[in-house]
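See structure below.
Each ligand, and each atom within it, is numbered from 1 in the order the structure gives.
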Amino acid sequence: MSRADRFLNACRGLPVDTTPIWIMRQAGRYLPEYRAVRAKHSFLEVCHVPELACEVTLQPVDLLGVDAAILFSDIMIPLEGMGCSIEFNPGPVFAEPVRTAADVEKLRICEPEADVPFVLDAVRLIRRELGGRVPLIGFSGAPFTLAAYMVEGKGSRNFENLKRMMYAAPEVYRALMDKVSETVIRYLNAQIAAGAQAVQVFDTWGGILSPADYAEYVLPYSKRVIAGLDRSVPVIHFVKGCGLLLDHIRTAGGDVLGIDWHIDLADAVARVGQEFGVQGNLDPTVLLGPRDLVVERAREIVEKGRPAKGHVFNLGHGILPMVPVDNVKALVEAVHEAGAG
Ligand code: CP3
């Protein structure tokens with residue numbers, strides 16, 4: 001058993017030599033090597049050119065020793081294939097937010113091989129360049145998180161436009177979610193066909209609703225997406241703000257549940273049971289603290305993950321740009337050392 005097997009084995013609940021770790025947003029601005037690429041190319045250019053996407057995808061694998069690579073891209077990319085025009089500044093900004101029935105009508109369902117071939121070329125290139133060192137994770141935004149950006153047109157504090165559509169024009173909301181869900185299914189299955197060895201569905205905004213509204217407006221689409229996937233690879237379902245929603249989220253299916261830091265990992269494991277693995281859940285800001293604290297918190301989370309069917313160490317959300325790289329290296333070492341004990 002080796003580094004190459006750890007992540008996929010943990011996802012499947014199979015034996016591992018130590019706890020595997022990867023980090024959400026692991027290729028990013030905290031790495032000087034990433035900033036060097038970005039000094040010469042825009043963010044969208046890195047997403048659109050397979051050689052550049054491949055280069056930055058491999059950076060954390062080589063520099064940090066993480067146990068999986070994640071495709072460098074963004075959850076907004078398949079929305080270009082639906083007909084949306086998007087810029088990054090630094091977060092996504094849509095030229096025309098989707099607000100009316102006519103706006104939804106105009107959207108196409110993304111055909112990945114025709115509309116975003118560069119993503120699938122990147123997957124194939126990265127698999128070749130990885131040469132089996134570690135597995136490659138593909139990803140998509142969940143329908144609700146994608147719809148949130150499409151309707152708001154950018155990030156939002158209260159998501160007024162999205163929620164107004166949901167409550168006041170539910171037929172428009174549901175028509176949008178139908179199209180986005182179909183896009184997500186095709187997009188993830190195309191990544192799997194191109195060589196992605198696991199996929200993560202990011203529902204960054206799934207936690208902004210009451211549990212009853214989550215069950216009514218989000219869950220059916222997450223369920224539909226997971227049921228529509230090629231299940232020869234493990235599916236990780238990450239919902240930020242999952243703590244109070246876990247009983248609903250479990251019913252969406254998948255292999256591993258992503259856990260953020262607002263719930264203690266031991267409690268999450270107890271609630272999730274032996275049907276799913278868990279992934280998480282260090283508060284990303286702990287990496288701004290002293291190295292000793294990073295190591296201590298890493299050990300605690302490794303212990304809390306032990307009773308799980310499988311545990312993949314990760315942060316509870318994406319890594320922050322101001323994190324010292326040495327702390328990230330210390331985290332990876334601490335997880336591997338504690339997990340082997
Ligand atoms: O995890 C990885 O390393 C793979 C690459 C990846 C990026 N974005 C690269 C990125 C992934 C999986 C994402 C997902 C993503 N993108 C999500 C879901 C997960 C999450 O973090 O909540 C969301 C909501 C987005 C939308 C998005 N993209 C925002 C809000 C921003 C701006 C915030 C920020 O961190 O700057 C982006 C830009 C973005 N996506 C960057 C990167 C590396 C920074 C771009 C730059 O280099 O300037």
[X] atom [atom1]: more than 12 heavy-atom contacts under 6.0 Å:
X    : atom1 : value
E160 : CD    : yes
E337 : CD    : no
E87  : CD    : no
R250 : CZ    : yes

Can you find a pair of side-chain heavy atoms, one from [X] and one from [Y], that are under 4.5 Å apart?
X    : Y    : answer
R186 : E111 : yes
V116 : Y187 : yes
F139 : I70  : yes

Checking a contact table here: which protein heavy atom is nearest [atom], and how many Å away?
atom                    : answer
atom 29 (C) of ligand 1 : P92 CD, 3.5 Å
atom 5 (C) of ligand 1  : S73 O, 3.5 Å
atom 18 (C) of ligand 1 : T204 OG1, 3.2 Å
atom 4 (C) of ligand 1  : L71 O, 3.5 Å
atom 13 (C) of ligand 1 : R25 NE, 3.4 Å
atom 31 (C) of ligand 1 : G91 CA, 3.6 Å
atom 38 (C) of ligand 1 : P90 O, 3.6 Å
atom 47 (O) of ligand 1 : Y34 OH, 2.5 Å

Rounded to the nearest 0.5 Å, what separation is found between the CG atom of L315 and the CZ atom of F313?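 L315 atom CG to F313 atom CZ measures 7.0 Å (nearest 0.5 Å).
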
OH/Y149 to CD1/I86 distance, rounded to the nearest 0.5 angstrom?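 So the OH of Y149 and the CD1 of I86 are separated by 11.5 Å.
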
Quiz question: by atom type and distance under 3.5 Å, do the side chains of N9 and R12 form a donor-acceptor pair? no

Sequence neighbours excluded, the answer for salt bridge (Lys or Arg N to Asp or Glu O under 4.0 Å) partners of D17 is R6

Option whose closest heavy atom lies nearest to [atom], chosen from [options]:
atom                    : options             : result
atom 41 (C) of ligand 1 : F139, W22, F43      : F43
atom 23 (C) of ligand 1 : L315, I75, I86, L44 : I75
atom 16 (N) of ligand 1 : L146, I77, D74      : D74

Below 30° counts as parallel, above 60° as perpendicular, anything between as tilted: where do the rings of F72 and Y34 land?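 Rings of F72 and Y34: tilted, as their planes differ by 30° to 60°.
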
Looking at V151, is its backbone amide N or carbonyl O close enough to the side chain of R99 to form a donor-acceptor pair, meaning the two atoms are under 3.5 Å apart? yes

Main chain of E129, side chain of R133: is a donor-acceptor contact present, judged purely on distance under 3.5 Å? yes

Against heavy atoms of [X], which atoms of ligand 1 measure under 4.0 Å?
X    : result
F202 : 12 (C), 18 (C), 19 (C)
F72  : 43 (C)
Y149 : 24 (C), 30 (C)

Looking only at heavy atoms, what is the nearest atom pair of V233 and V199, with distance?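 Scanning both residues completely, I find the closest heavy atoms to be CG2-N, 4.3 Å.
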
Is there a nitrogen or oxygen of T145 sitting under 3.5 Å from a nitrogen or oxygen of ligand 1?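 Between T145 and ligand 1, no N or O pair is found under 3.5 Å apart.
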
Checking the N or O distance criterion of under 3.5 Å, is ligand 1 in contact with Q26?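 There is such a contact, yes.
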
Is the closest heavy-atom distance from [X] to ligand 1 below 4.0 Å?
X    : result
G141 : no
G155 : no
T57  : no
G318 : no

Ligand 1 versus [X], non-hydrogen atoms closer than 4.0 Å: side chain, backbone, both, neither?
X    : result
M24  : backbone
H317 : side chain
P321 : neither
R29  : side chain
I23  : neither

